[in-house]
Amino acid sequence: MADKVPVKATFDSAGEADGLSEFVSGDTLGYAHGGTGLTALGSALQYLRTNAAANAMEWGTVAGDIEAVTAGDGLSGGGTSGSPSIALDLNELTAASVNVANDSIAIIDADDNSSKKESIADLVSGMAGDGLTATNGVLAASGGVSLGLVLALS
């Protein structure tokens, strides 16, 4: 099916319709009458928006709010254009004063491959077993458990 040439009304100085004619190149249909008032399509990935004066339509380009991605403590990467990425960099972290009862560490849960945190006290309790006991996050060896020490001298 071919595009059809629309018909438009012509108006006199009093705003009264006084005739009909065809649209010609460059004519537009204003938004008040169901059109956009634009003479051309926008460019790829543009969108139709109301102008700043709120009295006409215009084509706009998506402009994001993010101007930069900056890596903080323990992270590397970032950037100000394109698709910046951030990576975990544990070497940038400072050493902690460990509070076994209250501190947590990050782990990868092997059951569902998700990142989680676990308290150090619970982790130590989870390691307790045959010959090892855990109390308040402290491991203790008992009953026939021997610990070996290997020294390398040069």
Side-chain angles (χ1 to χ4, degrees), residues 1-8 23-154:
M1 202 175 234
D3 288 341
K4 304 296 182 191
V5 177
V7 175
K8 68 177 180 177
F23 275 83
V24 294
S25 180
D27 283 350
T28 62
L29 183 60
Y31 75 94
H33 299 291
T36 63
L38 300 172
T39 59
L41 289 176
S43 301
L45 303 178
Q46 284 190 312
Y47 64 96
L48 194 57
R49 66 182 182 195
T50 304
N51 68 359
N55 61 7
M57 304 294 290
E58 66 183 10
W59 290 106
T61 302
V62 175
D65 294 332
I66 299 172
E67 295 179 2
V69 175
T70 304
D73 291 343
L75 299 172
S76 63
T80 58
S81 64
S83 299
S85 63
I86 298 288
L88 179 62
D89 187 351
L90 297 177
N91 291 321
E92 287 191 5
L93 297 176
T94 57
S97 175
V98 178
N99 180 337
V100 172
N102 296 313
D103 286 351
S104 296
I105 60 172
I107 63 169
I108 302 296
D109 189 331
D111 293 332
D112 61 9
N113 200 33
S114 65
S115 301
K116 295 183 179 168
K117 71 175 186 174
E118 186 64 60
S119 72
I120 294 173
D122 286 348
L123 180 66
V124 170
S125 294
M127 292 187 300
D130 191 24
L132 288 175
T133 59
T135 304
N136 296 326
V138 176
L139 279 175
S142 62
V145 174
S146 62
L147 301 173
L149 178 63
V150 177
L151 294 175
L153 302 174
S154 59

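Only heavy atoms go into these numbers, but all of them, side chains included; no hydrogens, no water, no symmetry mates. None of the values given here were measured: they were computed from a predicted structure. Here, residue 1 is the first one in the sequence, and each next residue gets the next number.
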**Prompt:** When rounded to the nearest 0.5 angstrom, what distance separates CD1 in I107 from CD in E118?
**Reply:** 5.5 Å
**Request:** Heavy atoms only: give me the nearest S81-P84 pair and the separation to one decimal.
**Result:** O-CD, 3.7 Å
**Request:** Any chance you could lay out the side chain to side chain contact (heavy atoms under 4.5 Å, CB included) test for V62 and L45, step after step, and finish with the verdict?
**Result:** CA-CA 8 Å; V62 175; L45 303 178; over 6 Å; no
**Residue pair N51 / M57, side-chain heavy-atom distance below 4.5 Å** = no
**Request:** Could you pull out the closest heavy-atom pair between L38 and W59, with the gap in Å?
**Result:** CD1-NE1, 3.3 Å
**Request:** Using a cut-off of 6.0 Å, state whether more than 12 heavy atoms not belonging to D73 lie near its atom CG.
**Result:** no
**Prompt:** What's the verdict on side chain to side chain contact (heavy atoms under 4.5 Å, CB included) for S114 and I108, showing C-alpha distance, side-chain angles and the deciding distance?
**Reply:** CA-CA 6 Å; S114 65; I108 302 296; over 6 Å; no
**Fill in**
Value for NZ (K117) from CG (L123), rounded to nearest 0.5 Å, stands at 14.0 Å
**Message:** Tell me whether the count of non-hydrogen atoms from other residues, nucleotides or ligands lying under 6.0 Å of CG in N113 goes above 12.
**Reply:** no
**Prompt:** So how far is it from D122 CG to S104 OG, rounded to the nearest 0.5 Å?
**Reply:** 8.5 Å
**Residue pair I86 / G77: nearest heavy atoms and the distance that separates them** = CD1-C, 4.1 Å
**Fill in**
Looking only at heavy atoms, the pair that brings S97 and D103 closest together is O-OD2, 3.6 Å
**Nearest-0.5 Å distance, CG of residue L75 to CG of residue L88** = 6.5 Å
